[in-house]
Amino acid sequence: MKYKGYEASVEFDAEAEIFHGEVINIRDVITFQGSSVDELKQAFSDSVDDYLNFCRERGEEADKPFSGKFMVRIDPDLHKKIVFLAKKEGQSLNSLVEKSLRLYAS
């Protein structure tokens, strides 16, 4: 599920007969639940809106969904090797690293 750039994962608890979800693309914790799909969708959007309003009222910046950018520090020799490898394969360093991370994460 997606709402205002926030994404959620949802599970069904058969014992309690309820859906529950959590926003997954931020560090802060936003949860919600509902007994039907419509109720779940409404609870999700309400929870995100409540979170954004809460942050605004406190004068804090809301945690934003992941941008896809992150800084990684690695050994300089490894850096040199992967830059060379990327050039040799005709791709950017970012493409090579993303490809490698996708393989690792699958």
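Owing to the predicted nature of the structure, the values given are computational and were not obtained by experimental measurement.
Between the S95 side chain and the Q91 main chain, no donor and acceptor come within less than 3.5 Å of each other. In terms of modelled atom types and a separation under 3.5 Å, the side chain of N25 and the main chain of P65 share no donor-acceptor contact. Under a 3.5 Å cut-off, the side chain of D63 and the backbone N or O of I26 do not form any donor-acceptor pair. Judged by distance alone, with hydrogens and angles left aside, the side-chain atoms of S47 form a donor-acceptor pair with the main-chain N or O of T31 at under 3.5 Å.
With values rounded to the nearest 0.5 angstrom, L103 atom CG is found 11.0 Å from E98 atom CD. For the atom pair OG of S36 and NZ of K41, the computed distance is 10.0 Å after rounding to the nearest 0.5 Å. The distance from the CG atom of N94 to the NZ atom of K99 is 14.5 Å, given to the nearest 0.5 Å. The CZ atom of R102 sits 11.5 Å away from the OG atom of S100 when rounded to the nearest 0.5 Å. A distance of 8.0 Å separates CZ in F44 from CD in E7, rounded to the nearest 0.5 Å.
Residues M1 and V10 meet the side-chain proximity criterion, which asks for heavy atoms closer than 4.5 Å. Counting heavy atoms from C-beta on, the side chains of I74 and I82 come closer than 4.5 Å. H20 places none of its side-chain heavy atoms less than 4.5 Å from the side chain of L40. Taking the side chain as every heavy atom from C-beta outward, D49 and K4 approach each other to under 4.5 Å. At least one side-chain heavy atom of S45 sits less than 4.5 Å from a side-chain heavy atom of Q42.
When the ring-ring contact (aromatic ring centres under 6.0 Å, His included) test is applied to F54, no partner is found at least two apart in sequence or on another chain. In this structure, the side-chain contact (heavy atoms from CB on, under 4.5 Å) partners of S9, at least two apart in sequence or on a different chain, are I24.
With a 6.0 Å radius and a threshold of 12 heavy atoms from other residues, nucleotides or ligands, E60 has its CD atom above the threshold.
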Full working for side chain to side chain contact (heavy atoms under 4.5 Å, CB included) between H79 and L93: CA-CA 9 Å; H79 190 177; L93 178 59; 3.9 Å; yes
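Criterion: ILVMFWY side-chain heavy atoms under 4.5 Å apart, direct or through other members. Under it, V97 and V72 are part of a common hydrophobic cluster. A single hydrophobic cluster is seen to contain both L78 and L96, as judged by linkage of ILVMFWY side chains at heavy-atom distances under 4.5 Å, directly or through other members. Under a hydrophobic-cluster definition in which Ile, Leu, Val, Met, Phe, Trp and Tyr are linked whenever side-chain heavy atoms come within less than 4.5 Å, directly or via other members, V83 and F70 are assigned to the same cluster.
Summarising the geometry of V23 relative to F32, their closest heavy-atom pair is N-CE2, 4.3 Å, with the distance given to 0.1 Å. Counting all heavy atoms, side chain and backbone alike, A62 lies closest to C55 at CA-SG, 3.8 Å.
Sorted pairs that involve residues 70-89 and meet salt bridge (Lys or Arg N to Asp or Glu O under 4.0 Å), not counting sequence neighbours, are lacking altogether.
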